[in-house]
Chemist: 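Below is the structure I would like to discuss, written out as structure tokens.
Keep in mind the model is a prediction, meaning the values are calculated, not measured.
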Amino acid sequence: MTKRLFCSTCGSTVYWESESFPGRVIVAIGNFADPSFPAPTVSVWEESRHPWVSLPPDTPLTRTAKQG
């Protein structure tokens, strides 16, 4: 089960929690315009990642699966 919290003004996903990642809160970093916001530490759903998305080269791949 996944619990998602959306912005009441624009409807964007703010964060979510999932039984697949117990004890973790996943934050939609695209909501922050702060250049000092920490870089990603893991990457998930690599197989469906858009080709224009780039991550730091040392970001570990932790899970691969196709959505849908």
Chemist: For the residue pair Trp16 and Ala28, what are the closest heavy atoms and their distance?
Modeler: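 Looks like CZ3-CB, 4.1 Å.
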
Chemist: What residues, two or more places apart in sequence or in another chain, satisfy side-chain contact (heavy atoms from CB on, under 4.5 Å) together with Arg24?
Modeler: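 Checked Arg24 against side-chain contact (heavy atoms from CB on, under 4.5 Å); matches are Phe21.
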
Chemist: Of all residues at least two apart in sequence or in a different chain, which pass the side-chain contact (heavy atoms from CB on, under 4.5 Å) check with Ser12?
Modeler: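 Cys10, Asn31.
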
Chemist: Please check this pair: side chain of Glu19 against backbone of Met1, looking for a donor-acceptor N/O pair closer than 3.5 Å.
Modeler: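 Yes; judged by distance alone, with no hydrogens or angles, the pair exists.
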
Chemist: Which pair of heavy atoms, one from Val14 and one from Cys7, lies closest together, and at what distance?
Modeler: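 Closest pair (atom of Val14, atom of Cys7, distance): CG2-N, 3.6 Å.
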
